[in-house]
Every structure is written in C-alpha cells, then in structure tokens.
Amino acid sequence: MDMSYFDAMEAKIPHGKIRTRFAPSPTGYMHVGNLRTALYTWLIARNGGGTFILRIEDTDQGRLVEGATDVIYRTLAECGLTHDEGPDVGGPVAPYIQSERRDTYGKYARLLVEKGHAYYCFCEKTESGEDSGDFHRAADPCRSLSPGEAQARADAGEPYVIRQKIPESGTTTFHDAIFGDITVDNSTLDDQVLLKRDGLPTYNFANVIDDHLMGITHVVRGSEYLSSAPKYNLLYEGFGWEVPTYVHCSPVMRDQHNKMSKRHGDPSYEDLKEQGYLTEAILNYVALLGWSPRGEQAEREVFSLSELAQAFDIEGISKSPAIFDLEKLTHFNALYLRAMTPEAFHAVAEPCIRQTVKNPALDTRAIAALLQARCERLTEIPEKVAFFEALPPYEKDLFTNRKSRTSEEVSRRMLESVVPALEELSDWTQESIHDCLVHLAEKLEVKNATLMWPVRIAAAGQAVTPGGAVEICRILGREECLWRLRLGLEMLSV
C-alpha cells in the first residue's frame with residue numbers, strides 16, 4: 001500500500017501542547033451529562049494552556065435531528081465554552097464534521113487490514129445482534145480468509161464490513177486517569193465492526209482515527225465507554241500510534257439507581273434555562289457533579305468559569321456517580337442572582353416582570369430591586385409581581401395577622417387614618433411615604449407592623465409580596481395606591 005497519503009496526514013498533526021475535543025452527536029438537545037463532558041474537556045484545555053476542539057460526530061445518520069447542530073453551537077456559546085478549532089472556525093486538521101471525512105476512514109480501515117489487525121467480513125450479521133451479545137468471534141469464517149481471497153471478493157463487489165481482529169488470547173491493559181490500570185481478557189472482546197457496508201465508520205472506529213489525526217492528547221467521555229477502551233487501545237497499537245490520556249467520568253444520576261435521561265423527563269441545559277436557572281449557576285453546579293477542588297480551594301463552592309479553569313485538575317474527578325439535585329442547583333442559582341449588580345439583575349429580570357406587568361408606567365427597575373434578594377429562579381418572577389398590574393381578588397380575613405397584631409377591626413382603623421394622611425402628601429417618594437406611615441403609627445400608638453400590614457394587604461391583595469408596604473405604594477403610584485387602599489377600607493367597613 002502506498003503510504004504517501006498516511007505520511008501526509010501524519011505531517012498535519014499538531015504537537016507540543018494539550019489538545020482536547022468535545023465530539024457530540026447532533027441528536028437534538030444538550031443533556032446535563034453532555035454539558036459536563038464539554039465543560040471538563042474545555043477546562044482541561046484551558047487549565048493547561050491547550051487547544052479545545054469541537055468535532056461533530058454525525059456518522060449515525062439514523063439518529064440525526066434537524067437543527068441539533070445549532071443547539072450545540074448555541075449552548076457552547078452561551079456557556080462561554082469557546083472552541084479554538086471546529087466546523088465553523090476551521091483549523092489545521094479540518095474537516096471537523098465526521099461525515100465529511102468519510103474517505104479517510106475507509107483508507108485507514110484498509111491500512112489496518114494490511115497490518116493484520118482487521119479483516120473483511122462478508123457474513124450476513126446484524127449490528128443489533130452484535131449489540132445484544134449474540135455475536136461470537138470464533139464462529140466468524142471470514143477471519144481466517146487469506147488476504148488475497150478477501151481482497152478478490154471485495155474487488156468483485158461482494159458487500160462487506162471491516163472488522164477489528166482482536167487477539168484470540170492474552171490480555172489488554174489500558175490506563176485511565178480516574179480509574180487507573182484496567183486489564184481485560186481478550187477472549188471477552190468481540191471483533192467489532194469498524195467500517196459498515198455503506199462505507200461509513202462505526203463510532204468506535206471513527207473517534208479513534210479522528211482523535212489521532214487531530215492530535216488529541218486527552219479523551220474525556222462517560223464511564224460507559226470503559227468497556228470499549230481495550231478495543232480502542234488495540235486499534236492505537238495496531239496502527240503504532242501513541243495512546244491518549246483517557247478520562248472516563250462516572251455518570252450523572254437522577255437518584256441512587258437511575259441515570260438521568262431525557263426519556264424520563266430529566267432536564268436538558270435548555271430545559272434548565274427555561275426553568276429560570278442562570279447559565280453561570282448551571283455551569284458552576286455541573287462542574288461540581290463529580291469533581292471537587294483541592295488544596296486551598298477544597299471548601300469552596302462558587303466559581304466563575306475563569307476561576308474554574310484555574311482550579312480544575314483531573315485528580316479532583318471522582319470515581320463515584322454524581323446525583324443531580326435540583327434543590328442544590330436552586331441554591332446555587334439564588335447565590336448567583338443575589339451576587340449580580342442591580343443593573344445585571346434588572347437585565348435578566350425585566351423580560352420576566354413584563355410577562356405580567358404590562359403597564360409601562362410601572363418602574364421595572366424598582367420592581368427588580370424588590371425581587372433580587374427574594375428570588376431563587378427567574379421563572380418565579382411573573383407570579384410574584386402580577387399584583388402590580390392588577391389587584392387580585394382577596395378575602396378580608398387576610399387583614400388579620402397575629403404577628404402584626406391586626407384584626408379586621410384594627411386594620412379598618414389603620415386604613416381610616418392612612419388614606420387621608422397619604423392623600424395629603426405633596427411628594428410621592430419612598431422617603432415621604434415611609435416617614436408619613438411611621439409618624440402615623442407613632443401618633444396612633446401602635447407598632448409599625450400593625451399599621452403596615454393592612455396597607456400592604458390592601459395595596460397588593462396578598463400576604464406574601466416582594467417588598468413591603470412602603471415600596472409597593474411608591475411603585476404603584478399615588479392614584480392606583482389610594483384607589484386600592486380605599487377599596488380595602490370599603491371591604492372592611494361592610
């Protein structure tokens with residue numbers, strides 16, 4: 001076989017620094033485990049001053065979903081996981097879409113046949129049968145065909161696949177950065193298909209070829225691929241290539257017994273965004289699903305993406321499965337919301353406020369200021385602030401509150417004094433409303449809470465509100481506020 005093509009491909013491979021890749025299949029959405037793989041892969045590259053590559057693995061044509069590639073690009077961009085090489089930005093080892101590398105895989109499959117580590121198989125076997133474990137390597141008559149006979153049948157147009165020729169005896173040992181050295185008996189490994197009848201590679205073959213030709217130094221993937229790693233090793237050895245560092249991450253679980261799965265309703269990244277979680281909080285939480293900082297950072301939980309890149313190391317990745325806890329994510333999200341500047345919080349909160357507060361006269365910045373310390377997810381906002389747009393129906397028993405020492409009678413007396421006092425205010429500012437109500441409580445010889453409770457109930461029509469009576473009155477404006485207080489007084493006077 002003429003080796004000039006292979007020599008030219010070897011010459012393109014970058015060397016000298018860490019190179020990692022995120023290689024998703026465009027199947028429709030970015031689940032949490034996939035996002036974690038992308039994040040860890042990016043962090044390893046950034047921590048080591050290396051290169052992060054995006055590669056689209058679309059060889060399984062039956063699973064492709066229209067628009068799924070756009071979801072991948074959009075998610076990575078939103079998360080700040082910028083790639084240095086990929087289909088949209090190019091790079092020295094393009095193309096970065098597997099279906100565009102089709103001819104490459106065929107050449108390398110035939111090279112492996114020539115090296116004696118693969119063979120042409122003309123048998124009628126289904127891939128589903130092999131997946132179920134029904135395939136027995138020893139029973140395959142094509143394995144023992146002479147190279148000349150096999151080539152002649154292939155040249156004659158007889159359909160074939162190319163299979164890996166696993167050694168019949170002995171063991172294969174591979175090293176994983178998380179799980180250490182693992183040894184398996186070769187007798188337990190099947191002669192997996194490398195090149196299918198349609199000329200497209202299987203996932204297991206394509207990713208080995210691409211990882212080598214793209215100079216990938218660290219391969220990050222789920223621990224479900226541990227069982228395939230011995231066959232990957234044998235492929236690398238068959239070609240005479242250096243084996244990359246394997247980093248197999250344990251799964252993200254819904255509970256002690258079940259992996260997260262879209263089929264079971266577990267959320268994807270986009271679902272979590274729709275549920276009101278910030279990208280930064282999602283990334284921070286996902287980073288800690290199976291990884292812990294070490295040394296001086298050991299007790300720390302909150303990290304920005306750049307801080308994660310500085311702190312991340314492979315040794316901190318755990319062998320144990322991680323359980324996805326939505327309550328813990330909610331805790332992280334609340335921390336992030338409260339740490340934002342008022343301007344940044346308003347920017348993310350305003351669209352949610354405007355879902356229910358349509359009146360342009362109502363100040364969304366003032367409303368956002370009430371919410372920031374009282375909000376855990378953005379999706380809570382529309383319901384929390386709907387009362388600003390329209391007074392909800394409520395029962396007058398809300399005016400009774402033991403803690404504030406109010407009854408319906410006490411609340412009626414408070415509002416009888418509050419309404420005329422607020423009517424006389426020359427300025428409708430937070431300070432003037434506050435001073436007016438506090439002085440009135442002092443004059444009536446009641447605690448502030450006793451006066452403020454009925455004002456808030458009448459103004460908002462609900463017991464739980466973001467902000468207190470003073471803030472609500474100010475935001476509503478003089479006319480709307482007084483109309484609502486008079487309505488409450490009328491209810492209590494019946």
side-chain contact (heavy atoms from CB on, under 4.5 Å), that's the test. Do Ile353 and Phe388 meet it? Break it down for me. CA-CA 10 Å; Ile353 295 171; Phe388 281 110; over 6 Å; no

- Task: With side-chain contact (heavy atoms from CB on, under 4.5 Å) as the test, would you mind laying out the steps for Trp42 and Thr20 before giving the verdict?
- Result: CA-CA 7 Å; Trp42 186 89; Thr20 68; over 6 Å; no

- Task: Go through the steps to decide whether Asp155 and Gln151 satisfy the test side-chain contact (heavy atoms from CB on, under 4.5 Å), and finish with yes or no.
- Result: CA-CA 6 Å; Asp155 292 344; Gln151 191 63 56; 2.9 Å; yes

Check your understanding: salt bridge (Lys or Arg N to Asp or Glu O under 4.0 Å) between Lys115 and Glu237: does it pass, once the steps are laid out?
Key -> CA-CA 11 Å; Lys115 287 177 171 287; Glu237 291 170 7; over 6 Å; no

With side-chain contact (heavy atoms from CB on, under 4.5 Å) as the criterion, how do His248 and Tyr225 come out once you've worked through the C-alpha distance, each side chain's angles and the decisive distance to 0.1 Å?
CA-CA 7 Å; His248 287 90; Tyr225 290 103; 4.1 Å; yes

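Between the side chains of Glu270 and His31, no donor-acceptor pair of N or O atoms lies under 3.5 Å. Side chains of Ser268 and Asp271: a donor on one and an acceptor on the other come within 3.5 Å. Defined by atom type and a distance below 3.5 Å, a donor-acceptor pair is present between the side-chain atoms of Tyr5 and Thr104. For Asp58 and Ser99, the side-chain atoms include at least one donor-acceptor pair closer than 3.5 Å. Between the side chains of Gln192 and Asn204, at least one donor-acceptor pair of N or O atoms lies under 3.5 Å. In the model, Tyr119 has no side-chain atom that pairs as donor or acceptor with a side-chain atom of Ser144 under 3.5 Å. Side chains of Asn258 and Asp255: a donor-acceptor N/O pair is present below 3.5 angstrom, by distance only. Between the side chains of Glu280 and Asn284, no donor-acceptor pair of N or O atoms lies under 3.5 Å. A side-chain N or O of Asp210 and one of Gln98 form a donor-acceptor pair less than 3.5 Å apart.
Not less than 6.0 angstrom separates the ring centroid of Tyr108 from the ring centroid of Phe205.
Using a 4.0 Å cut-off between a side-chain N of Lys or Arg and a carboxylate O of Asp or Glu, Asp313 and Arg294 qualify as a salt bridge. Ion pairing between a basic and an acidic side chain is recognised when a charged N comes within 4.0 Å of a carboxylate O; Glu307 and Arg300 show such pairing. Salt bridge annotation for Asp84-Arg21: absent, with no cationic side-chain nitrogen under 4.0 angstrom from a carboxylate oxygen. Glu158 has a carboxylate O that lies under 4.0 Å from a charged side-chain N of Arg153, or vice versa, which qualifies the two as a salt bridge. A salt bridge is absent between Asp190 and Arg163; no separation between the charged side-chain nitrogens and carboxylate oxygens falls under 4.0 Å. In summary, Arg365 and Glu343 do not engage in a salt bridge, as defined by a charged side-chain N under 4.0 Å from a carboxylate O.
Taking a 6.0 Å sphere around CD of Gln297, one finds it holds more than 12 heavy atoms contributed by other residues, nucleotides or ligands. For NZ of Lys107, the number of neighbouring non-hydrogen atoms (other residues, nucleotides, ligands) closer than 6.0 Å is greater than 12. Atom CZ of Arg74 has more than 12 heavy atoms from other residues, nucleotides or ligands within 6.0 Å. Other residues, nucleotides and ligands contribute at most 12 non-hydrogen atoms within 6.0 Å of the CD atom of Gln256.
Residues Leu378 and Ile381 are in side-chain contact: their nearest non-hydrogen atoms beyond the backbone lie under 4.5 Å apart. Counting only heavy atoms from C-beta outward, the side chains of Ile314 and His218 approach each other to under 4.5 Å. Residues Pro92 and Lys12 are not in side-chain contact: their nearest non-hydrogen atoms beyond the backbone lie 4.5 Å or more apart. Looking at heavy atoms from C-beta onward, Ser228 lies out of side-chain contact with Tyr203 at the 4.5 angstrom threshold. Considering only heavy atoms from C-beta on, Met214 stays 4.5 Å or farther from Asp211 through its side chain. Contact annotation: the side chain of Leu283 never approaches that of Phe303 to less than 4.5 Å [non-hydrogen atoms, C-beta and beyond]. Contact of the Val286 side chain with the Leu329 side chain is not registered, since no non-hydrogen atoms from C-beta on lie closer than 4.5 Å. Proximity of Leu235 to Asn233: side-chain heavy atoms (C-beta onward) are nowhere separated by under 4.5 Å.
Between Tyr246 and Phe174, the two ring planes are perpendicular [angle over 60°; tilted spans 30° to 60°]. Between Phe312 and Tyr40, the ring planes are tilted. Angles from 30° to 60° get that label.
Panel note: side chain Thr217, backbone Arg19; a donor-acceptor pair is recorded below 3.5 Å. Judged by distance alone, with hydrogens and angles left aside, the side-chain atoms of Asn359 form no donor-acceptor pair with the main-chain N or O of Glu389 at under 3.5 Å. Between the side chain of Thr37 and the backbone N or O of Gly33, at least one donor-acceptor pair lies under 3.5 Å. With Lys196 contributing its side chain and Val193 its backbone, the two residues share no donor-acceptor pair below 3.5 Å. For Asp185 (side chain) and Thr171 (main-chain N/O), no donor-acceptor pair under 3.5 Å exists by modelled atom type. Distance alone, capped at 3.5 Å, is enough to place a donor-acceptor pair between the Asn186 side chain and the Ser169 backbone. Put simply, the side chain of Glu350 never gets that close to the backbone of Thr364: no donor and acceptor are under 3.5 Å apart. Checked by atom type and distance alone, the side chain of His83 never pairs as donor or acceptor with a backbone atom of Glu85 at under 3.5 Å. Judged by distance alone, the side chain of Tyr96 and the main-chain N or O of Val93 form a donor-acceptor pair under 3.5 Å. Panel note: side chain Gln462, backbone Val464; a donor-acceptor pair is recorded below 3.5 Å.
Among residues at least two apart or in separate chains, side chain to side chain donor-acceptor pair (under 3.5 Å) pairs with a member in residues 366-377 are Arg377-Thr379.
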Can you give each donor-acceptor pair under 3.5 Å made by side-chain atoms of residues 317-326, sequence neighbours left out, with the distance rounded to 0.1 Å?
residue : atom : partner : partner atom : Å
Ser318  : OG   : Ser320  : N            : 2.9
Asp325  : OD1  : Glu327  : N            : 2.9
Asp325  : OD1  : Lys328  : N            : 3.3

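A distance of 6.5 Å separates CG in Leu213 from CD in Glu10, rounded to the nearest 0.5 Å. For the atom pair CD1 of Ile182 and OG1 of Thr173, the computed distance is 10.0 Å after rounding to the nearest 0.5 Å. Rounding to the nearest 0.5 Å gives a distance of 5.5 Å between CD1 of Ile367 and CG of Leu362.
Among all heavy-atom pairs drawn from Asn333 and Gly276, the shortest one is ND2-O, 3.2 Å.
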